[in-house]
There are 2 protein chains.
Amino acid sequence: MDTTQQTDQQRSADRRRRELLEAADRVVLRDGPGASMNAIAAEAGITKPILYRHFGDKGGLYAALAKRHTDALLNSLRAALDAPAERRERVEATLDTYLAAIEARPQVYRFLMHPGDSVSPGDPGFDVRKHSLPLLRLMGEELAQVIEDRLDLGPGSQQLARVWGHGIVGMMHAAGDWWLGERPCSRAELVRSLADLLWGRLAAAGDRVGGPGF
Amino acid sequence: MDTTQQTDQQRSADRRRRELLEAADRVVLRDGPGASMNAIAAEAGITKPILYRHFGDKGGLYAALAKRHTDALLNSLRAALDAPAERRERVEATLDTYLAAIEARPQVYRFLMHPGDSVSPGDPGFDVRKHSLPLLRLMGEELAQVIEDRLDLGPGSQQLARVWGHGIVGMMHAAGDWWLGERPCSRAELVRSLADLLWGRLAAAGDRVGGPGF
DNA sequence: ACTAGCATGTTACCTACGGTAACTGGAGTC
DNA sequence: GACTCCAGTTACCGTAGGTAACATGCTAGT
């Protein structure tokens with residue numbers, strides 16, 4: 001069979017593909033999410049059409065690029081979520097893992113969160129996100145699954161878990177985004193505050209003197 | 001004084017500006033967030049440079065456009081937040097107001113949430129968001145203020161309120177985004193689920209049979 | 001009445017981007 | 001040695017954001 005020959009070629013192509021992705025990674029890390037195909041090709045020491053042969057279009061490259069980081073982040077989060085500890089500790093560990101990741105590489109984070117920038121010009125409508133659901137959705141679904149698997153939520157648990165999954169992920173994301181921009185407190189404090197919010201301190205807090213509370 | 005003359009001119013310019021904004025509004029509503037300056041100018045019956053004279057650059061136009069809807073939405077939210085009812089009811093009303101808004105005009109919503117698409121080509125770095133903080137930040141700060149004003153959170157209340165403000169807004173946004181795409185349940189159910197989450201049902205839920213809970 | 005200024009509008013152009021067609025050079029294969 | 005395949009190139013297209021330079025019309029001052 002000629003599978004060995006095809007495999008040889010494919011292995012070479014795959015290696016090249018990985019090199020290109022690493023170059024793209026460097027450029028995105030340097031130039032932010034708006035990095036151009038030309039810049040990426042130049043960084044890789046080649047020219048545009050090769051990128052297009054490997055990845056189809058910009059969305060394809062970005063999807064491939066995003067997948068690496070997304071997978072890595074999701075693995076970290078899963079580990080924190082599955083650690084042998086009680087619920088609150090695990091929630092805090094998961095929050096901390098996410099925040100540590102976005103803190104360590106803000107450029108990558110910005111790229112992951114806004115992959116669908118610059119809707120393609122010639123296209124009707126916008127079929128962006130044809131590849132690679134945004135990271136937020138993935139994390140939301142993941143968390144929903146964990147919640148549904150582990151918690152007893154009574155009737156309608158599946159729907160409730162999904163709402164919560166996406167809601168908690170959104171909370172984490174927005175708070176992290178804001179925190180990353182302003183750095184108003186330490187990471188540990190932020191984690192604690194968010195966990196407190198999830199633990200119902202909003203409902204438990206007393207009204208301020210002078211009128212009915214929020 | 002020549003203030004009256006200047007005022008005359010300025011009033012005329014302001015009216016024109018409003019007309020242009022309304023045209024832009026129509027186009028964005030029709031074409032989504034990727035609407036081009038040419039399309040907007042054509043809809044307004046004029047050509048590009050006029051838009052640039054009025055709004056500086058695309059970011060300026062988008063900022064002006066966003067401000068209208070942002071202000072309107074924030075006013076609705078403030079009203080819901082200030083209604084004479086108890087806390088849980090008010091939270092639910094606020095969530096419902098937001099969700100109703102994004103449900104009524106998804107295109108506007110998509111535009112508001114991703115204003116900084118397509119980083120300008122010639123610019124170094126990315127000074128996008130030079131105008132118009134994203135809507136999420138505004139809502140977060142607003143909510144933080146309300147929380148801090150109304151709730152007694154003990155020491156560190158200001159920081160806690162800001163974290164919660166941004167976190168809750170992010171929760172609302174992400175859940176709303178997901179819900180708008182999949183429509184897995186009614187708006188009322190979504191509101192109830194989110195309020196339950198904020199009310200600590202996550203911490204209160206029992207473990208599922210078969211192991212330690214989430 | 002004639003001109004100066006000024007805002008409004010236009011056409012024509014620039015640069016940069018995403019994306020593609022068509023050509024080039026070198027490896028292996030019959 | 002001719003044939004094919006593949007990586008890679010140059011050169012180009014269409015469209016976008018943005019700008020310069022020119023035209024037009026209103027109001028004001030003399």
Side-chain angles (χ1 to χ4, degrees), chain A residues 2 4-20 23-24 27-28 31-63 65 115-124 126-128 130-131, chain B residues 1-2 4-17 19-20 23-24 27-28 31-42 44-63 115-124 126-128 130-131:
Chain A
D2 56 353
T4 55
Q5 296 175 9
Q6 283 231 358
T7 299
D8 258 16
Q9 289 173 198
Q10 196 142 349
R11 277 190 14 142
S12 167
D14 276 13
R15 228 188 22 238
R16 198 86 186 87
R17 193 184 150 99
R18 234 176 335 210
E19 290 170 18
L20 298 184
V27 175
V28 167
D31 296 355
S36 80
M37 295 297 266
N38 259 326
I40 294 172
E43 170 72 26
I46 48 146
T47 48
K48 266 194 303 177
I50 303 184
L51 285 181
Y52 283 96
R53 271 221 269 274
H54 273 274
F55 301 103
D57 62 353
K58 188 171 188 170
L61 199 175
Y62 274 37
L65 199 49
D117 284 8
S118 78
V119 284
S120 0
D123 290 349
F126 54 142
D127 51 4
V128 189
K130 156 179 50 179
H131 334 254
Chain B
M1 293 202 274
D2 57 352
T4 56
Q5 297 175 8
Q6 285 232 356
T7 299
D8 258 15
Q9 289 174 202
Q10 196 141 349
R11 276 189 16 142
S12 168
D14 276 12
R15 230 190 18 241
R16 198 86 187 89
R17 192 183 150 100
E19 289 171 18
L20 297 184
V27 175
V28 167
D31 296 355
S36 79
M37 296 297 268
N38 260 326
I40 293 173
I46 48 149
T47 48
K48 267 193 304 177
I50 303 183
L51 284 182
Y52 284 96
R53 274 222 265 274
H54 273 274
F55 302 103
D57 62 354
K58 189 170 188 170
L61 199 174
Y62 274 36
D117 285 6
S118 77
V119 283
S120 359
D123 290 350
F126 54 140
D127 50 5
V128 188
K130 156 179 54 181
H131 336 254

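Here the structure is a predicted model, which is why all the values come from computation and not from measurement. Labels below follow one simple rule: chain letters A, B, ... track the order of the sequence lines, proteins then strands, and each chain is numbered from 1.
- We find that NZ of A:Lys58 is positioned 16 Å from P of D:dA16, with the value rounded to whole Å.
- Nucleic acid contact for B:Arg16: sugar-phosphate only, since backbone atoms but no base atoms lie under 4.0 Å from a heavy atom of the residue.
- Between the CG atom of B:Leu51 and the C1' atom of C:dG9 there is a distance of 12 Å, rounded to whole Å.
- As rounded to whole Å, 14 Å separates atom P of D:dA20 from atom CG of B:Asp57.
- Which of C:dG18, D:dA16, D:dT19 sits closest to the side chain of A:Tyr52 comes down to C:dG18.
- In this structure, B:Arg53 places its CZ atom 11 Å from C1' of D:dA20, rounding to the nearest Å.
- Looking at heavy-atom distances under 4.0 Å, B:Ile46 makes contact with sugar-phosphate atoms alone, never a base.
- Rounding to the nearest 0.5 angstrom, the gap separating the NZ atom in A:Lys48 from the CD1 atom in A:Ile40 is 11.5 Å.
- Straight-line distance from the CG atom of A:Leu61 to the C1' atom of C:dG18: 12 Å, rounded to whole Å.
- Considering CG of A:Asp31 and CD of A:Glu43, their distance stands at 9.0 Å, rounded to 0.5 Å.
- Shortest non-hydrogen contact noted between B:Phe55 and B:Leu61 is CB-N, 3.5 Å.
- Set against D:dG17, C:dT10, D:dT10, the side chain of B:Met37 has D:dG17 as its closest nucleotide.
- Closest approach to the A:Pro49 side chain among D:dT10, D:dG8, C:dT8 is made by D:dT10 (side chain taken as heavy atoms from C-beta onward).
- Heavy atoms of A:Ser36 sit under 4.0 angstrom from primed sugar atoms or phosphate atoms, though from no base atom.
- When the nucleotides D:dG8, D:dG18, C:dG9 are ranked by their closest atom to the side chain of B:Ile50, C:dG9 comes out on top.
- Across every non-hydrogen atom of B:Tyr52 and B:Lys58, the tightest pair is CE2-N, 4.3 Å.
- The base of C:dG19 lies close enough to the side chain of A:Lys48 for a donor and an acceptor atom to sit less than 3.5 Å apart.
- Between D:dT9 and A:Thr47, a contact under 4.0 Å exists linking OP1 or OP2 to a side-chain N or O.
- Interatomic distance, A:His54 NE2 to A:Ile46 CD1, rounded to the nearest 0.5 Å: 7.0 Å.
- Put simply, CG on B:Asp31 is 10 Å from P on D:dA16, counting in whole angstrom units.
- Rounded to an integer number of Å, the gap from B:Asn38 CG to D:dG14 C1' is 13 Å.
- In this entry the distance linking CZ of B:Arg17 with P of C:dT8 reads 13 Å, nearest Å.
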